[in-house]
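Lettering of chains follows the sequences in order, A, B, ..., and the numbering in each one begins at 1. Because only heavy atoms are used, hydrogens play no part in the values below, and waters and symmetry mates are left out as well, while side chains stay in.
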Number of protein chains: 2
Amino acid sequence: MHRNPDPRGTCAHEETHGRPVDGDAVESRARAYAVSKGVPFTPMRQSVLALLAASGKPMSAYEIAEKVSDARKLKAVQVYRALEFLQEAGCVHRLASRSAYFACDHLHGERETAVFMVCAQCGAVQEAASELVARGLRGAAKTTGFRPRHPMIEVEGECAECAGTPER
Amino acid sequence: MHRNPDPRGTCAHEETHGRPVDGDAVESRARAYAVSKGVPFTPMRQSVLALLAASGKPMSAYEIAEKVSDARKLKAVQVYRALEFLQEAGCVHRLASRSAYFACDHLHGERETAVFMVCAQCGAVQEAASELVARGLRGAAKTTGFRPRHPMIEVEGECAECAGTPER
DNA sequence: TATTGTACTGTTACAACATTACACCCTTGA
DNA sequence: TCAAGGGTGTAATGTTGTAACAGTACAATA
Ligand SMILES: [Zn+2]
Ligand SMILES: [Zn+2]
Ligand SMILES: [Zn+2]
Ligand SMILES: [Zn+2]
């Protein structure tokens, strides 16, 4: 059900599709967060974040463990620890629909509602913050007396590039 | 909310929190789908759907396998097969945020955008269809040329009952 | 300097979720 | 009778995520 599509098989122009994020910007955000929490920004955390930022696509923790070409072979549990920190720092998100993680260089207001748009063809993720969606959610919640806490919006579809080149 | 005398023993706690769906309605929808596809609506499928409808809460496949009190002990893979059919039939949804499945007696228009509101306390799920959210998503997609196909919106929070009775 | 506290690391084991593979039924229709 | 297509039962395996614990690094403190 949530097997990740094989990038090599589905998309010949992988290079054109990646949406690498600004690695430096995102790393400095992570460093700032580490300072604010009084914890170190370790090489482990740096490696995982750099890989995600460079790839620009969601990857599973096990995939990350394989691809962190840091000589050492990482175990998944180590990756999960790094991801936990990076998610707290706000520079990595988890895609529940794929059990995958990706780097993000946006600045998220505390109250923002992020929309993740995942391309079914190439796997690239685009992020948007829609006030209209946020209002809609508040409205839907109000009619049932529900108190929203953590909205999660993931849309599968086709990115502009893949829609434009329908048959690779 | 509906007349749904649970045949088998569900505990009293569940009783107060569950939001049982209309089991008959949802089963007839599943039967109609089976007919339309020329496949049988088997006892296996019926049992799984009935259990989900009666419980009114999301359950994992393994939980379902345990609780289908049908004398036989089901293996998870059998439950997954039934769930696959029931999801196609549109009477069961998967909650990605919890890797759980729940029955739904709504009629989903092809273009509707469903919002799942999951109570963090009691686990109950409420479903709503917000046109405002749908418009917001279309808007967000349009600005990036993204073609939305399967939106997935899950909001964690507290249902009216749990918010009203903080410490039951 | 020695001690303590805190957090990261490396490793093993395991829990929870999901799929693949295959043999064995059925029923339906040549 | 036979083959084809689907459902079932079972075992094995794959994937995702945590718990537990011993060891290490380092800073604050006595
Ligand atoms: Zn983001
Ligand atoms: Zn794409
Ligand atoms: Zn529904
Ligand atoms: Zn509740």
In whole Å, I'd like the distance from the [atom1] atom of [X] to the [atom2] atom of [N].
X: A:Leu83; N: D:dT16; atom1: CG; atom2: P; answer: 13 Å
X: A:Glu66; N: D:dG14; atom1: CD; atom2: P; answer: 13 Å
X: A:Tyr80; N: D:dA19; atom1: OH; atom2: P; answer: 13 Å
X: A:Glu63; N: D:dT15; atom1: CD; atom2: P; answer: 11 Å
X: A:Gln87; N: D:dT16; atom1: CD; atom2: P; answer: 15 Å
X: B:Ile64; N: C:dA18; atom1: CD1; atom2: P; answer: 10 Å
X: B:Arg98; N: C:dC17; atom1: CZ; atom2: P; answer: 12 Å
X: A:Glu84; N: D:dT16; atom1: CD; atom2: P; answer: 18 Å

Exercise. Honestly, is A:Arg31 close enough over A:Phe41, meaning NZ or CZ under 6.0 Å from the six-membered ring centre and within 45° of the axis?
Worked result: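 A:Arg31 over A:Phe41 ring: no.
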
Side-chain heavy atoms of [X] within contact of [Y], under 4.5 Å:
X: B:Thr144; Y: A:Met117; answer: yes
X: B:Leu137; Y: A:Ile153; answer: yes
X: B:Arg94; Y: B:Ser99; answer: yes

Polar atoms only, N or O, under 3.5 Å: list the protein pairs with nucleotides 22-26 of chain C and their distances.
none

For this session: Would you jot down, in residue-number order, the residues of residues 36-49 of chain A having a non-hydrogen atom under 4.0 Å from DNA chain D?
Result: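 Within residues 36-49 of chain A, no residue comes under 4.0 Å of DNA chain D.
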
Exercise. Taking everything shown except B:Glu88 itself, do over 12 heavy atoms lie less than 6.0 Å from its CD?
Worked result: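 Above 12, so yes.
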
Exercise. So with a 6.0 Å cut-off around CD of B:Glu84, is the heavy-atom count from everything else above 12?
Worked result: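 Open: at most 12 neighbouring heavy atoms sit under 6.0 Å from CD of B:Glu84.
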
For this session: Hey, which sits more toward the 5' end of DNA chain C by its nearest nucleotide, A:Tyr62 or B:Tyr62?
Result: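 Looking at DNA chain C, the more 5' nearest nucleotide goes with A:Tyr62.
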
Counting just side-chain N and O atoms, does [X] come under 4.0 Å of either OP1 or OP2 of [N]?
X: B:Gln78; N: D:dG9; answer: yes
X: A:Ser99; N: D:dG17; answer: yes
X: B:Tyr101; N: C:dA18; answer: yes

Exercise. Sequence neighbours excluded, which residues qualify as ring pair (Phe, Tyr, Trp, His ring centres under 6.0 Å) partners of A:Phe116?
Worked result: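 By the ring pair (Phe, Tyr, Trp, His ring centres under 6.0 Å) rule, A:Phe116 matches A:His93, A:Phe102.
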
Problem set entry | Sole residue of A:Glu156, A:Glu154, A:Glu158 in salt bridge (Lys or Arg N to Asp or Glu O under 4.0 Å) with B:Arg149 |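 Of all the options given, the one that passes is A:Glu158.
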
For this session: Would you check if the side chain of A:Lys67 reaches a backbone N or O of A:Leu51 as a donor-acceptor pair within less than 3.5 Å?
Result: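 Side chain of A:Lys67 to backbone of A:Leu51, a donor-acceptor pair under 3.5 Å: no, none is there.
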
